[in-house]
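Only one structure is covered here, and it is reproduced in the block below.
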Amino acid sequence: MILMTVEEVAAYLAIQEIRVERLERESLLIAKETDAQGKPLFEKSDVERYKQLAERLGGL
């Protein structure tokens, strides 16, 4: 399992970090763990699947 930080997810999806946090709050991206500062960590495969779905639905 490869975990990605909010910053890494934002860079991968080419969106702002605040938007990644909103996706997590709205349960569109599910955090697997939290880091020492309490920020969510996401599994890379989940992020990749979300990106594919978003692109099929018309983009991020």
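Residue numbers start at 1 and run along the sequence shown.
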**Request:** Would you please test Met1 and Leu3 for side-chain contact (heavy atoms from CB on, under 4.5 Å) and show each step?
**Result:** CA-CA 6 Å; Met1 174 167 59; Leu3 296 176; 4.0 Å; yes

**Item:** Check against salt bridge (charged side-chain N to carboxylate O under 4.0 Å, His left out), Glu26 and Arg22
**Value:** CA-CA 6 Å; Glu26 294 173 354; Arg22 190 182 82 210; 3.6 Å; yes

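Enclosure of atom CG in Leu53 by more than 12 non-hydrogen atoms of other residues, nucleotides or ligands within 6.0 angstrom is indicated. Heavy-atom neighbours of Ile2 CD1 from other residues, nucleotides or ligands within 6.0 Å: at or below the threshold of 12.
Proximity of Tyr50 to Val9: side-chain heavy atoms (C-beta onward) are nowhere separated by under 4.5 Å.
A chain of hydrophobic side-chain contacts below 4.5 Å, direct or via other Ile, Leu, Val, Met, Phe, Trp or Tyr residues, connects Tyr12 to Leu23. Residues Val20 and Leu41 fall into different hydrophobic clusters, defined by Ile, Leu, Val, Met, Phe, Trp and Tyr side chains chained together at heavy-atom separations under 4.5 Å.
Taking each heavy atom of Glu17 and Val6 in turn, the nearest pair found is O-CG1, 3.7 Å.
Looking at residues two or more places apart in sequence or on another chain, you find no salt bridge (charged side-chain N to carboxylate O under 4.0 Å, His left out) involving Arg19.
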Hey, can you pull the donor-acceptor pairs under 3.5 Å for the side chains in residues 28-37, sequence neighbours left out?
from  : atom 1 : to    : atom 2 : distance (Å)
Asp35 : OD1    : Gln37 : N      : 3.1
Asp35 : OD1    : Gly38 : N      : 3.0
Asp35 : OD1    : Lys39 : N      : 2.7

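Checking side-chain atoms of Glu8 against main-chain N and O of Thr5 turns up a donor-acceptor pair under 3.5 Å.
Interatomic distance, CG of Asp46 versus NZ of Lys51, reported as 15.0 Å (0.5 Å rounding).
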